[in-house]
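What follows is a single structure, written as structure tokens, with notes after it.
All values derive from a computational prediction rather than experimental measurement. Computed from heavy atoms alone, side chains included, the values below leave out hydrogens, waters and symmetry copies. Quick note on labels: first sequence line is chain A, next is B, and so on, each numbered from 1.
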There are 2 protein chains.
Amino acid sequence: MTTSTEENYLKAIYHLSTGNQNSVLTSAIAGSLSTSSASVTDMIKKLSEKNMVEYERYHGVRITRKGEKVALSIIRRHRLWEVFLMDKLKFKWDEVHDLAEELEHVSSDELTKRLDAFLGFPKFDPHGDPIPDTNGKVHSNGQVLLSEITKKGKYILSGVNDHSPSFLQYLEKKGLIPGSTFSIVEMDEFDNSMQIIFSNKKSIFISKEVSKNLLVRSHE
Amino acid sequence: MTTSTEENYLKAIYHLSTGNQNSVLTSAIAGSLSTSSASVTDMIKKLSEKNMVEYERYHGVRITRKGEKVALSIIRRHRLWEVFLMDKLKFKWDEVHDLAEELEHVSSDELTKRLDAFLGFPKFDPHGDPIPDTNGKVHSNGQVLLSEITKKGKYILSGVNDHSPSFLQYLEKKGLIPGSTFSIVEMDEFDNSMQIIFSNKKSIFISKEVSKNLLVRSHE
DNA sequence: TAAATAATTTAGACTTGTCTAAAAATATTA
DNA sequence: TAATATTTTTAGACAAGTCTAAATTATTTA
Ligand SMILES: [Mn+2]
Ligand SMILES: [Mn+2]
Ligand SMILES: [Mn+2]
Ligand SMILES: [Mn+2]
């Protein structure tokens, strides 16, 4: 059995693990969960005891396959609830995250299974993030950070890395929601900003701050 | 703010309060929550501090209007989730209670409001219990315990007082689900058992043990 | 490579909710 | 009404999760 606190730690460690091979540092976990490093150390010991992470003191943790499976099942629930809240209850995409943070801890595989079916087996959440399948497999869909793109061309916004309401509201105001297509017109070498243009000819500037939180796929 | 533990205590006290004017005894709360009397005393002090109950030591508690409002809002959520689980996710009526016990603590009035609308503003839950409205008003629908009935006649099963899966499965096997109509054929003075007959001529015996957990309304 | 700085862990304390066993109050019964 | 039985409360302890401040360990920098 895992408590919801343990689940939140595992989720944070999992998210901090993806993309880099290194072990996750205490301070990174503390920052991500807005808690003290001392608390993180305590919890890490507990998770290590349960073989959810491999812990080497003073050198951070690595999530184990066992811990990863727990994390992925929570992430699966989180994203399914986000789809429910948006598709069925008509919440906006910047309102669903906090509620899903609570709902994800309702522990029933049967509930998750039926919710999945009720929603029509969605593959992505409202922010464009892939929903892990029952076996914990994530269908990475070839999306890359907009800030990593080096050549101009047509792209489609497939997801975001910052889920905060303020960022999502900012994007919506600019016309950027998952599924939006645009072309890169100009890329500035100096400050890494770029200018993009939508199919309706409207054009906007995007700073590095923003583009490093946008996931895109090549379009056409 | 109330913790989910506090909410569970308030719900238990509210349920033990309805129907009798007396104060609720520590042992009754302990029994209902499967906890020790010592724990109940501790929590009662805390709830009293928050003006959720009036506490006179050694003489039990009375729930205040403030505490009652909290209890009713949790009961409202519980019953709405039960409707969701049964109507939308196709759970059976004996499977929804435990899940609703968890979901009811997800704290968002906006979520409750939208869930209510999504479900089409239901007035009763799958067990026939009335769903309190936003203001905490319960529409008592003239239902009485079958065990209290004194005259034969046609009745409709409107609800149950025992929500345990085993009891609900027993009822279903006998053909008794909310909405079932039947006539009382025979009432035994000695052991308070009764014989009822359905419209399809099938007839069954009901013991006092069972009838005191069945809520009925007069039919026609 | 030794001192200074930064990160991490330990020590000790606090809160919430729980328990068992003992003490106190209430209720029962003879 | 006085002894007995029952219920309730208190006392003291524990687990989970958190914190601040002090002690360690690791990393930088000179
Ligand atoms: Mn989210
Ligand atoms: Mn999401
Ligand atoms: Mn229920
Ligand atoms: Mn119910």
Side-chain angles (χ1 to χ4, degrees), chain A residues 1-14 16-17 20-63 67 70-71 74 101-102 104-107, chain B residues 1-14 16-17 20-63 67 70-71 74 101-102 104-107:
Chain A
M1 284 299 84
T2 52
T3 66
S4 36
T5 310
E6 288 171 341
E7 290 174 352
N8 284 334
Y9 273 90
L10 285 172
K11 217 169 33 130
I13 295 167
Y14 172 83
L16 291 166
S17 298
N20 70 337
Q21 202 63 4
N22 309 326
S23 40
V24 180
L25 299 178
T26 303
S27 51
I29 301 168
S32 152
L33 291 174
S34 302
T35 189
S36 72
S37 291
S39 303
V40 173
T41 303
D42 286 346
M43 179 55 86
I44 275 174
K45 285 178 186 164
K46 201 174 149 195
L47 292 173
S48 174
E49 207 59 47
K50 293 191 173 187
N51 297 310
M52 298 288 191
V53 298
E54 275 169 28
Y55 173 46
E56 195 186 346
R57 72 189 186 300
Y58 286 102
H59 292 88
V61 291
R62 267 197 171 72
I63 197 161
V70 174
I74 305 302
E101 282 297 317
E102 291 195 57
E104 70 188 6
H105 300 293
V106 175
S107 54
Chain B
M1 287 298 85
T2 52
T3 65
S4 36
T5 311
E6 288 171 342
E7 289 174 354
N8 285 334
Y9 271 90
L10 286 172
K11 217 168 36 129
I13 295 167
Y14 173 83
L16 292 167
S17 298
N20 71 339
Q21 202 63 4
N22 309 326
S23 39
V24 180
L25 298 178
T26 303
S27 50
I29 301 168
S32 152
L33 292 174
S34 300
T35 189
S36 73
S37 292
S39 302
V40 173
T41 302
D42 286 346
M43 180 54 87
I44 275 174
K45 284 178 186 164
K46 201 174 148 193
L47 291 174
S48 173
E49 207 59 48
K50 292 190 174 188
N51 297 310
M52 298 289 191
V53 298
E54 276 170 28
Y55 172 46
E56 195 186 347
R57 73 188 185 300
Y58 286 102
H59 292 88
V61 292
R62 267 198 169 73
I63 196 162
V70 174
I74 305 302
E101 282 297 317
E102 290 194 58
E104 70 189 4
H105 299 293
V106 175
S107 55

Looking only at side-chain N and O atoms, does [X] come under 4.0 Å of OP1 or OP2 in [N]?
X: B:Ser37; N: D:dT7; answer: no
X: A:Thr35; N: D:dC19; answer: yes
X: A:Tyr9; N: D:dT18; answer: yes

Take atom [atom1] of [X] and atom [atom2] of [N], then tell me their distance rounded to the nearest Å.
X: A:Lys50; N: D:dA15; atom1: NZ; atom2: C1'; result: 12 Å
X: A:Ile29; N: D:dT18; atom1: CD1; atom2: P; result: 13 Å
X: A:Lys45; N: D:dT18; atom1: NZ; atom2: C1'; result: 14 Å
X: A:Arg57; N: C:dA7; atom1: CZ; atom2: C1'; result: 15 Å
X: B:Glu7; N: C:dT16; atom1: CD; atom2: C1'; result: 15 Å
X: A:Asp42; N: D:dC19; atom1: CG; atom2: C1'; result: 10 Å
X: A:Glu49; N: D:dA16; atom1: CD; atom2: C1'; result: 15 Å
X: A:Ile44; N: D:dA16; atom1: CD1; atom2: P; result: 17 Å

A:Ala38, nearest nucleotide to its side chain (from D:dT18, D:dA21, C:dA21):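 Between D:dT18, D:dA21, C:dA21, the one nearest the side chain of A:Ala38 would be D:dA21.
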Residue A:Ser36, side-chain atoms from C-beta onward, closest of C:dC19, D:dC19, D:dT27: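 Of the options given, the side chain of A:Ser36 lies nearest D:dC19.
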On a heavy-atom basis, which atom in [X] and which in [Y] lie closest, and how many Å separate them?
X: A:Leu16; Y: A:Asn20; answer: O-OD1, 3.1 Å
X: A:Arg62; Y: A:Gln21; answer: NH2-O, 3.0 Å
X: A:His105; Y: B:Glu102; answer: O-OE1, 4.0 Å
X: A:Thr26; Y: A:Ser37; answer: CG2-O, 3.7 Å

Just call it for [X]: base, sugar-phosphate, or nothing, with non-hydrogen atoms closer than 4.0 Å on any strand.
X: A:Ser27; answer: sugar-phosphate
X: B:Thr5; answer: sugar-phosphate
X: A:Thr26; answer: sugar-phosphate

Donor-acceptor pair present, A:Tyr58 side chain and D:dT24 base, under 3.5 Å: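 Indeed, a donor on one side and an acceptor on the other fall under 3.5 Å apart.
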